[in-house]
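Here the structure is laid out as structure tokens; the discussion comes afterwards.
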Amino acid sequence: MLNLKFIQENPELVITKLKKKYFDASEIVSQITGLSVRKNEIQATADQCKSEMNKISKEVGLLIREGKTEQANAAKNRTAILKDSIRQLDEDFDRIDQEIFNLQVLIPNLPSDLVPEGRTPEDNLVVKSYGEIPVLPENSLPHWELAKKYDIIDFELGVKITGAGFPVYKGKGARIQRALISFFLDEARASGYLEIQPPLMVNEDSGFGTGQLPDKEGQMYHATEDNLYLIPTAEVPVTNLYRDVIVEAKDLPIKNTAYSACFRREAGSYGKDVRGLNRLHQFDKVEIVQIAHPDNSYELLDQMVAHVEGLVKKLELPYRILRLCGGDMSFTSALTYDFEVFSAAQEKWLEVSSVSNFESFQANRLKLRYRDEATKKPVIAHTLNGSALALPRILAALLENNQTPDGIRIPKVLVPYCGFEMID
RNA sequence: GGAGAGAUGGGUGAGUGGCUGAAACCACCGGUUUGCUAAACCGACGUACGGGUCAUUCUGUACCGGGGGUUCGAAUCCCCCUCUCUCCGCCA
């Protein structure tokens, strides 16, 4: 959510910048600025009335104490009209305030100047490509076949006990999952992140704070009995740790990491890109989250990208880093880098991480602020997060790329975590 | 699931109708004193929105879990909701 004052003061800037996201904000912005003027007028009048009211009330108190009942009653009579207008003004104020808010949440975050022009994923800018595309033997298999062959992931069993998109990991499949999680967490800790183990369910306020609610309500599993939501990513609980918090500037950046299972309804996803591990309703992910000072949030974004890059590199996977174009960016992001690894049997790039700077967009909703050291005033902080990393597609690529006639080779870095060198 | 208690500023916690945006203590911050640390003393110390100002400053309003009501006036009284804690039951 963009800051209201910012919209009021920079309406043209908002409109211009959002063209890059192919969002026409002109109508909304002009409505907002119009309503804001009206809102301020109402507040000025209402405040005046209330001030008058408070004055009279004090007077009445004094008069009663002095025993001047008649004068007190006279004063009381003066409040009737005031009371009516205050009620009316407050109603108008609340209505307009709500209208503004409803419009405000429709405006996407402004893209950073670094965001490339473009409308579709084809327009994303490849900022780096690394690693050899493996050439697989003749009879190589996609990961869902490999999973069956070595009996490490059972999709049908998942369907039986839960439904599609809830795979059952078995034996070395389960162990490699656990290995990846530990590896990712250890790497994050080495990069200075504090490990958090968050709840997997959150309340409505948290869903709102990170922007899943109300817009993406249908994406989350909802336990209606208790009105709790299964988290679609650890970003939700970990960022909400700082909802309604004012941190000290000297404590920035705050760096947290968390492993969590992630639950996504993925309503409306069908077809071949959902085969195997490509798209699941439940999957595992290690997330990194930073709360930053606006002055250096982009520097930190680069550090996060470097961290993720270190992970895929250590896993010996060919990868590329994309800077998303305006049309392909999320609603909330100011700048996003996607990581894709090449899945050799499927012969396609799979997105395994998305690292974003949200600037103050999330923090404004969360009321996450830091206290400026010079002015001592609270200022909206910046938030950033990224996957480091999501497991399923990493596993898919590992299985496919490392298949040999003798089995599937485990990357060196994972061997100590797995306790085995081959899946065979 | 049953019964009870409670929700006040960063924390503890006082406050049952006006002089309370809120005592006191602790923490934090600034200062004085002092070999250092510590202690003592003094001072400052919420947020949001609005108005005026180049700005420091000044000023109005709202906020004591959320919503509604009573009243000239509500942290305080009434109603509804949410959440937390304690005991019992169940249980990894």
Side-chain angles (χ1 to χ4, degrees), chain A residues 1-9 32-104 197 199-209 213 222-229 237 240-252 254 261 291 360 363-381:
Chain A
M1 185 167 73
L2 292 179
N3 184 270
L4 181 58
K5 199 173 272 180
F6 180 82
I7 300 172
Q8 286 172 304
E9 287 169 1
I32 287 180
T33 46
L35 286 167
S36 297
V37 171
R38 182 82 193 104
K39 184 177 120 175
N40 289 353
E41 287 168 3
I42 292 172
Q43 184 179 347
T45 318
D47 282 359
Q48 222 171 344
C49 291
K50 287 176 186 173
S51 176
E52 181 64 22
M53 191 78 170
N54 289 341
K55 222 176 282 173
I56 294 174
S57 294
K58 275 198 179 125
E59 233 174 271
V60 171
L62 282 172
L63 290 169
I64 289 176
R65 197 144 2 101
E66 290 166 10
K68 299 174 180 167
T69 322
E70 254 172 60
Q71 279 169 276
N73 285 333
K76 280 189 199 179
N77 290 335
R78 284 195 283 143
T79 62
I81 299 164
L82 271 176
K83 220 174 172 178
D84 265 1
S85 17
I86 288 172
R87 188 189 297 267
Q88 187 59 52
L89 287 163
D90 277 350
E91 264 172 38
D92 292 349
F93 182 90
D94 289 345
R95 199 191 61 245
I96 290 177
D97 196 45
Q98 186 62 45
E99 279 174 36
I100 290 173
F101 178 81
N102 291 344
L103 290 167
Q104 216 178 332
Q197 197 174 76
L200 301 181
M201 299 182 101
V202 294
N203 57 28
E204 242 174 24
D205 286 347
S206 297
F208 176 81
L213 296 176
H222 187 191
T224 51
E225 181 84 10
D226 297 291
N227 198 25
L228 296 173
Y229 295 84
N240 271 284
L241 257 28
Y242 294 89
R243 170 155 49 83
D244 290 320
V245 169
I246 302 172
V247 299
E248 294 301 322
K250 66 173 164 49
D251 294 332
L252 298 174
I254 293 167
I291 294 160
S360 57
N364 194 43
R365 266 195 181 212
L366 291 160
K367 296 191 174 62
L368 194 186
R369 291 157 291 174
Y370 68 93
R371 197 171 293 283
D372 185 82
E373 287 191 308
T375 66
K376 303 288 178 202
K377 293 285 174 214
V379 182
I380 302 287

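Every chain is numbered from 1, with letters handed out A, B, ... down the list of sequences.
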Roughly, in whole Å, what's the span from CG in A/Leu82 to P in B/G73?
-> 11 Å
Rounding to a whole Å, what distance do you find between A/Lys376:NZ and B/U47:C1'?
-> 17 Å
Looking at CG of A/Asp97 and NZ of A/Lys39, how far apart are the two atoms once the value is rounded to the nearest 0.5 Å?
-> 4.0 Å
Using atom names, set out every protein N or O paired with an N or O of nucleotides 18-20 of chain B below 3.5 Å, distance rounded to 0.1 Å.
residue	atom	partner	partner atom	Å
B/G18	N2	A/Ser57	O	2.6

From CG of A/Asp90 across to P of B/G68 the rounded distance in Å is 10 Å
Please state how far atom CG in A/Asp84 lies from atom P in B/C72, giving the value in whole angstrom units.
-> 13 Å
Working to the nearest 0.5 Å, report the span between CG of A/Asp84 and CD1 of A/Ile81.
-> 8.5 Å
Using the test ring-ring contact (aromatic ring centres under 6.0 Å, His included), find all partners of A/Tyr370 that sit at least two apart in sequence or belong to another chain.
-> A/His293
Compare side-chain N and O positions of A/Asn54 against OP1 and OP2 of B/A62 and report whether any pair is under 4.0 Å apart.
-> yes
If you measure from CD1 on A/Ile100 to CZ on A/Arg95, what distance do you get to the nearest 0.5 Å?
-> 11.0 Å
Pairwise side-chain contact, A/Leu4 with A/Gln8, heavy-atom cut-off 4.5 Å (strictly under) = yes
With sequence neighbours left out, write down each residue that passes side chain to side chain contact (heavy atoms under 4.5 Å, CB included) with A/Arg87, or none if nothing qualifies.
-> A/Glu91
Which donor-acceptor pairs under 3.5 Å do side chains of residues 372-379 of chain A form with protein atoms, sequence neighbours excluded?
residue	atom	partner	partner atom	Å
A/Asp372	OD2	A/Ala374	N	3.0
A/Asp372	OD2	A/Thr375	N	2.9
A/Asp372	OD2	A/Thr375	OG1	3.3
A/Thr375	OG1	A/Lys377	N	3.2

Rounded distance in Å between the P positions of B/A62 and B/G15 = 26 Å
Between OG on residue A/Ser36 and CD on residue A/Glu9, distance to nearest 0.5 Å = 11.0 Å
Which dot-bracket notation, 5' to 3', represents the base pairing of RNA chain B when pairs are defined as Watson-Crick or G-U with both distances under 3.5 Å, crossing pairs as [ ], and inter-strand pairs as |?
-> ((((((((.[[[..)..(.....]]]..((((.......))))..((((((......)))))).[[[[[..)....]]]]])))))))....
If you round to the nearest 0.5 Å, how far is CD1 of A/Ile291 from CG of A/Leu241?
-> 8.0 Å
Looking only at atom C1', what distance separates B/C25 and B/C81, rounded to whole Å?
-> 34 Å
Whole angstrom value for the distance that separates C1' of B/U71 from NZ of A/Lys83 = 6 Å
Enumerate all atom pairs, one protein N or O and one N or O from nucleotides 77-83 of chain B, separated by less than 3.5 Å.
none

Per-nucleotide protein contact string for nucleotides 48-53 of chain B, where B marks a base within reach and S marks sugar-phosphate only (heavy atoms under 4.0 Å, - for neither) | SBS---
Keeping the roles fixed (side chain from A/Arg365, backbone from A/Phe208), state whether a donor-acceptor pair exists under 3.5 Å.
-> yes
Could you state the atom-to-atom distance from CD of A/Glu52 to P of B/A62 in whole Å?
-> 13 Å
CD1/A/Ile42 to CD1/A/Ile96 distance, rounded to the nearest 0.5 angstrom?
-> 3.5 Å
Answer yes or no: is there a donor N or O on one side and an acceptor on the other, between the side chain of A/Ser51 and the main chain of A/Asp47, under 3.5 Å?
-> no
Take A/Met53 and A/Arg87, find for each the nucleotide of RNA chain B with the closest heavy atom, and name the residue whose nucleotide sits nearer the 5' end.
-> A/Arg87
Give a yes or no on whether a salt bridge exists between A/Glu66 and A/Lys68, defined as a side-chain N under 4.0 angstrom from a carboxylate O.
-> yes
For atom C1', what is the distance between B/A27 and B/C19, given to the nearest Å?
-> 30 Å
P gap between B/A75 and B/G9, integer Å = 14 Å
Gap in Å between the two P atoms, one belonging to B/G11 and one to B/U20, rounded = 23 Å
Between C1' of B/G65 and CG of A/Asn203, the distance in whole Å = 14 Å
Taking only side-chain nitrogens and oxygens of A/Ser51, does any of them come within less than 4.0 Å of OP1 or OP2 of B/U61?
-> yes
Looking only at atom P, what distance separates B/G21 and B/C26, rounded to whole Å?
-> 25 Å
Give the rounded distance in Å between these two atoms: CD of A/Glu248 and P of B/A27.
-> 16 Å
Strand contacts (RNA chain B) in residues 73-80 of chain A, 4.0 angstrom heavy-atom criterion | A/Lys76, A/Thr79
Sorted by chain and residue number, the salt bridge (Lys or Arg N to Asp or Glu O under 4.0 Å) partners of A/Glu41 (sequence neighbours excluded) come out as A/Arg38
The side-chain hydrogen bond (donor to acceptor under 3.5 Å, both in side chains) partners of A/Asp94 (sequence neighbours excluded) come to none
Who are the side chain to side chain contact (heavy atoms under 4.5 Å, CB included) partners of A/Lys76, not counting sequence neighbours?
-> A/Val60, A/Asn73
With rounding to whole Å, what would you report as the distance between B/G6 and B/U61 at their P atoms?
-> 33 Å
With no hydrogens and no angle check, is any side-chain donor or acceptor of A/Gln104 less than 3.5 Å from a backbone partner on A/Leu2?
-> yes
With P as the reference atom in both, quote the distance from B/A14 to B/A23 in angstrom, rounded to an integer.
-> 14 Å
Contacts of A/Lys367 meeting side chain to side chain contact (heavy atoms under 4.5 Å, CB included) (sequence neighbours excluded), chain-then-number -> A/Asp244, A/Arg369
